[in-house]
Amino acid sequence: MGQLSIYKKLLKHFGKQYWWPAESEFEVIVGAMLTQQSTWRNVEKAIVNLKRERLLTPKAIAQASVPELQKCVRPTGFYRQKARRLRDFARYLERKYNGKLELLFSKPVKDTRDELLSLDGIGPETADSILLYAGGKLIFPIDAYTKRVYERLGLAEGHYSELQKFFHYNLPRDLVVYKEMHALIVELAKDYCSKNKPLCGECPLREQCSFERRFINM
DNA sequence: TCCCAGGCAGGGC
DNA sequence: GCCCTGCATGGG
């Protein structure tokens with residue numbers, strides 16, 4: 001089963017997702033850092049808090065106190081780390097790029113990626129989400145959901161870079177497809193491919209799911 | 001009560 | 001390189 005037909009099935013089942021939900025590129029990055037090991041529901045609470053306190057620009061976060069940031073991001077868990085990392089990132093942006101994200105993205109993608117990875121709190125998935133959804137780069141993020149879904153489907157396995165190559169080789173080089181595909185996989189996984197829950201009878205990809213066949217009579 | 005959530009960093013080996 | 005642990009709140 002090809003990537004494009006999977007994409008079409010998911011699109012038909014779930015509809016367009018219009019990710020990333022944010023009002024600015026900087027907000028995308030803040031959300032990407034906050035959603036680590038946390039649900040989007042809780043990230044939204046933190047974003048609301050930050051907006052209320054006018055703390056959603058690089059300059060504002062760079063100048064904010066850590067306790068103030070902690071209070072805002074507390075619902076997402078790991079709030080001490082996340083508050084510090086957000087402030088460090090904002091200060092880095094201010095110092096190196098005068099707070100202008102377009103400068104960060106105006107170099108070869110690999111250079112931007114390496115630079116993001118060198119920062120505290122930004123690993124492969126966060127860096128690639130930032131590159132795709134804030135930078136508009138053709139980079140496909142691999143999260144735990146994507147790994148689980150594709151392993152259950154028997155389509156791909158391996159570590160981060162191997163799974164990412166599979167998507168880069170097999171997906172149409174189209175920004176909308178990349179953005180939607182990642183979002184659709186997350187929706188699929190949340191509804192039908194939870195950890196340790198094989199019951200996925202309504203899954204739009206159930207015909208292809210080897211995991212289901214092991215647990216359900218088909 | 002336990003498990004999980006759109007990870008990351010640092011350590012031991 | 002691989003594997004483990006700490007980080008922490010909120011919801012099912």
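Letters A, B, ... mirror the listed sequences (proteins, then strands); counts begin at 1.
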Once you round it to whole Å, what is the distance between [atom2] of [N] and [atom1] of [X]?
{"X": "A:L86", "N": "B:dC8", "atom1": "CG", "atom2": "C1'", "answer": "14 Å"}
{"X": "A:N42", "N": "C:dG12", "atom1": "CG", "atom2": "P", "answer": "10 Å"}
{"X": "A:L34", "N": "C:dA8", "atom1": "CG", "atom2": "P", "answer": "13 Å"}
{"X": "A:Q36", "N": "C:dG10", "atom1": "CD", "atom2": "P", "answer": "18 Å"}
{"X": "A:F89", "N": "B:dC8", "atom1": "CZ", "atom2": "P", "answer": "14 Å"}
{"X": "A:D143", "N": "B:dC8", "atom1": "CG", "atom2": "P", "answer": "10 Å"}

>> If you count heavy atoms of other groups shown closer than 6.0 angstrom to CZ of A:R52, is the number above 12?
In response: yes
> Who are the side-chain hydrogen bond (donor to acceptor under 3.5 Å, both in side chains) partners of A:D120, not counting sequence neighbours?
Replying inline: A:R84
>> Could you work out, with side-chain hydrogen bond (donor to acceptor under 3.5 Å, both in side chains) as the rule, every residue matching A:E23, not counting sequence neighbours?
In response: A:K51
>> Give me the stems containing DNA chain C, sorted by first residue, counting only three or more consecutive Watson-Crick or G-U pairs with both distances under 3.5 Å; say none if there aren't any.
In response: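 Result, WC/G-U stems under 3.5 Å: B:2-5 with C:9-12, B:7-13 with C:1-7.
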> Which residue pairs pass the ring pair (Phe, Tyr, Trp, His ring centres under 6.0 Å) test with at least one member in residues 78-128 of chain A, sequence neighbours excluded?
Replying inline: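 For residues 78-128 of chain A, and leaving out neighbouring residues, there are no ring pair (Phe, Tyr, Trp, His ring centres under 6.0 Å) pairs at all.
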> Between C:dG11 and A:K45, is there an OP1 or OP2 to side-chain N/O distance shorter than 4.0 Å?
Replying inline: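 Checking A:K45 against C:dG11: at least one side-chain N or O falls below 4.0 Å of OP1 or OP2.
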> Do any side-chain nitrogens or oxygens of A:R41 fall under 4.0 Å of OP1 or OP2 in B:dC4?
Replying inline: no
> Taking the same atom, P, in C:dA8 and in B:dC2, what whole-Å distance lies between them?
Replying inline: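 About 22 Å, rounded to a whole number of Å.
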> Cluster question for you: counting only ILVMFWY and a side-chain heavy-atom cut-off of under 4.5 Å, with indirect links fine, are A:V48 and A:I61 together?
Replying inline: no
>> Between A:W40 and A:W20, is the ring centroid distance below 6.0 Å?
In response: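 Yes, close enough.
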> Do the two ring centres, one from A:Y150 and one from A:F167, sit under 6.0 Å apart?
Replying inline: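 Here the rings of A:F167 and A:Y150 have centres that are less than 6.0 Å from each other.
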>> Please list, in numerical order, the residues of residues 109-142 of chain A that have a heavy atom closer than 4.0 Å to any atom of DNA chain C.
In response: none
May I ask you to say whether [X] pairs ionically with [Y], meaning some side-chain N is under 4.0 Å from a carboxylate O?
{"X": "A:K107", "Y": "A:E115", "result": "yes"}
{"X": "A:D143", "Y": "A:K147", "result": "no"}
{"X": "A:E44", "Y": "A:R41", "result": "no"}

Check: protein-nucleotides 3-7 of chain C nitrogen or oxygen pairs below 3.5 Å:
unit_1, atom_1, unit_2, atom_2, d
C:dC7, O4', A:Q81, NE2, 3.4
C:dC7, O2, A:Q81, NE2, 3.0

>> Please determine whether salt bridge (Lys or Arg N to Asp or Glu O under 4.0 Å) holds for the pair A:K190 and A:E187, giving the CA-CA distance in whole Å, both sets of side-chain angles, and the decisive distance to 0.1 Å.
In response: CA-CA 5 Å; A:K190 283 201 286 201; A:E187 288 311 303; 3.5 Å; yes
